[in-house]
Amino acid sequence: MPAPQCSSCHATRAALRRPRSGQALCGPCFCTAFEAEVLHTVLAGRLLPPGAVVAVGASGGKDSTVLAHVLRELAPRLGVSLRLVAVDEGIGGYRDAALAAVRRQAARWDLPLTVVAYADLFGGWTMDAVARSTAGTGRSRACCTFCGVLRRRALEEGARLVGATHIVTGHNADDVAETVLMNFLRGDAGRLARGGGLGSRGEGGALPRCRPLQLASQKEVVLYAHFRRLDYFSEECVYAPEAFRGHARDLLKLLEAARPSAALDLVHSAERLALAPAARPPPPGACSRCGALASRALCQVCALLDGLQRGRPRLAIGKGRGGRDEEGPPGPPPPPPSDLRSGPGPAAGECGAACKERCE
Amino acid sequence: MVWQVLEGLSRDSAKRLRFVPGVVYVDEGAACGQSWEDRAKTLTDVRQILQTLGFPWHIVTLEEVFALPPSVLRCSAQDPVGTVETYKVAVDSFLQQQRTLAAEGVRGSPSSAQGEEQPSQPCTQDPQDPVGPPPAAQTEALSQLFDSVKTLTAKEELLQTLRTHLILHVARTHGYSKVMTGDSCTRLAIKLMTSLALGRGAFLAWDTGFSDERHGDVVVVRPMREHTLKEVAFYNRLFAVPSVFTPAIDTKASEKASIHRLMEGFLLRLQAQFPSTVSTVYRTSEKLVKAPRDGCAAGPRCLLCMCSLDVDSADSATAFGAQTQDFSQTPAPTPRAEAGAPAGPCCAAGPGGAPNCWQGTRPCGREGSRAHVIEQLCYACRVNMKDVPCLEPLPPYILAEAQLRSQRPSVEIQEYLVNSDDEAPASGSGALGPPEQEGKEARAACGCINKNFFN
C-alpha cells in the first residue's frame with residue numbers, strides 16, 4: 001500500500017506518523033510543526049523574554065541536542081542569545097565521549113561552550129569517587145541522587161560564569177511524566193507540590209529555569225533529531241540501571257502502549273494536583289554555608305558534600321534524620337537497588353533532598 | 001465490608017453503628033458478555049448470601065441504565081436539615097425513631113440514615129429483584145455500547161461511570177443518603193495511580209478520599225480504605241465470610257490491555273520489592289484536598305463524572321493536547337486549522353485521519369451533537385470519549401442531559417439575537433469565546449485556543 005500524502009503540504013509522500021495524533025507528515029513539515037510547537041510553548045508561558053542570555057544545559061544527548069538546535073533556529077525570532085554549558089561529572093567511559101559530542105556541536109553551530117567539572121566545583125569529588133564511597137553499604141549507591149543535586153548546582157555556576165539570565169534544560173514530556181509517577185510512588189508530596197508548570201521562576205537569587213521541550217513527547221524528539229540529521233551521543237549512563245526512575249520509565253512505556261496520550265495526561269494531572277497546605281514545602285531560606293537557596297539550615301549540596309567528606313555519604317539522604325546511614329533488615333538477599341525508599345507516614349511530606357533543586 | 005457492618009450493628013458490639021443499611025448488587029453480566037444462564041446462576045448465589053443478612057437488599061441489572069432519568073446527572077442540594085443538626089442530636093432523634101417503631105411492632109425499618117427524616121417505607125424482606133431476564137432490547141443495546149468502545153481502558157471507565165449512576169439512582173429512589181463502597185487500601189492506591197495516568201489529577205481527592213460529596217444529596221463513603229487486600233482476605237478466611245466470584249470486564253484480559261490492569265500489575269509487583277509502596281501511595285492520597293482551582297469555584301460540572309470541569313484555555317498541557325491531539329489537522333500556526341475544526345472528532349478516530357477531511361465544512365448534525373457532548377466533559381472523560389467513535393449507543397439519559405445543558409445558554413441569549421435565523425449558536429462554551437461563527441457547529445476548544453494564541 002503506498003504511503004499516504006503528507007497532510008500538511010500535500011505535495012510529498014508522508015515519511016512518518018506523529019505518535020500522538022497519528023497524523024501523516026513528511027520530514028520538513030514535521031520539523032516545522034515541532035519547532036512551531038516549541039515556539040508556542042515558550043511564547044505562551046513567557047519563558048524567555050527578548051534580550052535574555054540563555055544557558056543551554058548540554059549533555060550531548062538527544063534532548064539537549066534537539067533543544068539547542070531548535071533554540072538556535074528560533075533565537076532570532078525570540079530575540080535571545082545562546083550559550084552552551086556542559087557539565088563534566090567525572091564518570092569515566094561515559095562523560096568523555098558525551099563531551100566530545102558537545103564540542104563537535106558547539107563547533108558546528110558556532111556557539112560558545114563552557115565546561116564545568118564536578119572535580120573543580122566540589123572539592124575533587126567526581127561521580128566515580130562518590131560511587132566508590134557509597135558502595136559497600138549493602139543498599140543501593142544512590143548515585144543519581146548525588147548527581148542530580150550536584151549537576152543543578154554546577155549548571156547554575158556555569159550559567160553565572162557566562163553571564164546568563166535564564167537556564168534551559170531539555171526535559172521532555174516523558175521525563176516530566178516519569179517524575180510525577182516517581183514522586184507519587186515515593187510519597188514525595190513536597191516535590192509534587194512544587195512540580196507542574198513549565199519551570200521555576202527562580203527565587204532568592206537563583207536563575208529562572210525552564211523546559212521548552214516539556215510538552216514534546218520523547219518519540220518526537222528522536223524523530224526530529226533523525227530528520228534534521230543531528231549528531232548526538234546515545235548511550236545510557238553507567239549508573240542508570242540502579243535508579244528508581246527505571247521503574248517509572250518502564251511503567252510509562254507500558255502506559256503509552258495502552259494509551260498514546262498517557263504522558264500528556266500525566267502532565268495534565270500533575271498540573272492540577274491540589275495538595276494540602278501542610279504538605280507543601282516550607283518557604284526557602286538561605287544556606288548557612290554557601291548562601292544558596294535552602295529549605296533548611298544547609299542546602300542540599302552542602303549537606304551531601306558534608307556527608308561525603310565525613311565518610312558517611314548517606315547522611316543527607318533519607319528522612320533528614322542525620323546519623324542513620326544504614327537501615328533495613330539484614331536479610332540474606334540484599335534488597336534490590338532503590339534510592340530514597342520512603343517509609344509510611346512521612347512527617348512533613350518531604351524526603352531528605354528538599355531544597356529547590358529537584359532531584360531526579 | 002457488609003460483614004463488618006453486620007457486626008457493627010449487632011447488639012453486643014462495643015460501639016454500635018447507628019444507621020439502617022440496605023445492600024445493592026449490580027449485575028454487570030451483559031457488559032462482560034455473559035449469557036443469561038451464567039448470570040442467573042451467579043444471581044442465585046448472591047441471593048442466598050443476601051438473604052442471610054437480614055437487611056433490605058436490591059439487585060439491579062446494568063441494563064436499567066437505559067431507563068434512568070436525566071436527573072441522575074444533576075447535583076441536588078443537600079438536605080439542610082441533616083447538616084444543621086449536631087451529631088448528638090441526630091443520633092438521639094434516630095434512636096427515638098427506632099424506639100417508636102419498635103414499639104409499634106413494625107417489622108423492617110425505615111431506610112433512613114442519621115439525621116434524615118424519612119417517611120417509613122414498608123421495607124419487607126422481599127426486595128426489588130428481577131426474576132426473569134431483563135428486556136432483550138436493553139441487553140442488546142448494552143452489549144452494542146460496550147462492543148463499540150475501542151479500548152479496554154475506556155470500557156472500564158464507562159462501566160464505572162454507569163455503575164455509579166445506577167447505584168446513585170437506586171439510593172435516591174429508596175431514600176438512602178449515603179452509599180458505602182468496599183474499596184480497600186490496595187484498591188484505592190491502584191485507583192489513585194490509574195486516575196493520575198488518566199488525567200484526573202484534579203479530582204483525586206474525590207475519587208479516593210473517604211467521602212465523596214460531588215453528587216449533592218448522596219454521599220459516597222469508603223470505610224474500608226485503611227485495610228489492605230491481604231487483611232481483607234485473611235478476615236474473610238478466618239471468619240468464613242461467604243463470597244461469590246463474578247467475572248469482571250477485564251477478567252482474562254492480558255496485562256497490557258488496559259491502564260487499570262497495568263497499574264494493578266505494576267503496583268503489586270513493586271509492592272513485592274518495596275513493601276511500603278502501597279501505604280506510601282495511600283498516605284499521599286491523604287494529603288490531597290478537595291480544593292477547586294483558584295478562581296473557578298462553582299463552574300460547570302462534567303456530564304459524566306460530575307466534577308467541576310478542569311479544562312480551560314490557560315492550562316498549558318490541556319491547550320497543547322487540544323491542539324495536537326483532538327484534531328488531526330494541519331499544525332497549529334496556520335489559520336486553516338480553525339476552518340478545519342468542525343470535521344474533527346469523527347476523523348480523529350481513525351488512524352492518520354483522512355487528509356482531505358478538513359477541506360470545507362461538513363455540516364453533519366452528528367458531529368455537531370458530538371462536539372456538544374464533548375465540551376461538557378472534563379479532560380479525562382474527553383480522552384475516554386475519543387475511544388468511543390459514536391455517541392449514539394450511549395444510554396438516552398446522558399444524551400438528553402447533554403442536549404438540555406447545551407440548550408440552556410442559547411435560550412438566554414435568544415432574545416438578544418438580532419438576525420432572524422433561529423439556528424442556536426453553539427452551546428455552553430460562552431466562556432471560551434464568541435459563539436457566532438457561521439456554519440460552525442462544532443465548537444472545538446481547539447479553534448478558540450488557536451485564535452487566542454496566534455494573533
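Any value given below was found using the heavy atoms of this structure, including those in side chains, with hydrogens, waters and symmetry copies removed. Letters go in sequence order (proteins before strands), and every chain restarts at 1.
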Visitor: Measuring heavy-atom distances to chain A, does B:Leu152 have an atom under 4.5 Å in its side chain, in its backbone, in both, or in neither?
Guide: neither
Visitor: side-chain contact (heavy atoms from CB on, under 4.5 Å), that's the test. Do B:Phe274 and A:Arg186 meet it? Break it down for me.
Guide: CA-CA 10 Å; B:Phe274 306 119; A:Arg186 298 198 303 199; over 6 Å; no
Visitor: When rounded to the nearest 0.5 angstrom, what distance separates NZ in B:Lys256 from CG in A:Leu255?
Guide: 11.5 Å
Visitor: Charged N to carboxylate O under 4.0 angstrom, B:Arg200 versus A:Asp265?
Guide: no
Visitor: Does the pair A:Arg259 and B:Asn384 meet the rule for a side-chain contact (heavy atoms from CB on, under 4.5 Å), with working shown?
Guide: CA-CA 10 Å; A:Arg259 180 171 273 197; B:Asn384 276 330; 2.7 Å; yes
Visitor: Quick one: does B:Thr280's side chain get under 4.5 Å of A:Leu185's, heavy atoms only?
Guide: no
Visitor: Sort B:Ser285 into side chain, backbone, both or neither according to what part of it lies under 4.5 angstrom from a heavy atom of chain A.
Guide: neither
Visitor: Heavy atoms only: give me the nearest B:Thr284-A:Gly187 pair and the separation to one decimal.
Guide: OG1-CA, 3.3 Å
Visitor: For the CZ atom on B:Arg187, are there more than 12 heavy atoms of other groups (residues, nucleotides or ligands in this structure) within a distance under 6.0 Å?
Guide: no
Visitor: Can you tell me which portion of B:Leu288 sits under 4.5 Å from chain A's heavy atoms? Options are side chain, backbone, both or neither.
Guide: both
Visitor: So how far is it from A:Lys253 NZ to B:Leu262 CG, rounded to the nearest 0.5 Å?
Guide: 14.0 Å
Visitor: What distance do A:His268 atom NE2 and B:Leu198 atom CG have between them, rounded to the nearest 0.5 Å?
Guide: 11.5 Å
Visitor: To the nearest 0.5 Å, how far apart are CG in A:Leu181 and CG in B:Leu196?
Guide: 6.5 Å
Visitor: Would you compute the distance between atom OG of A:Ser269 and atom CE of B:Met193 and round it to the nearest 0.5 angstrom?
Guide: 10.5 Å
Visitor: Can you measure from CZ (A:Phe184) to OG1 (B:Thr277) and round to the nearest 0.5 angstrom?
Guide: 14.0 Å
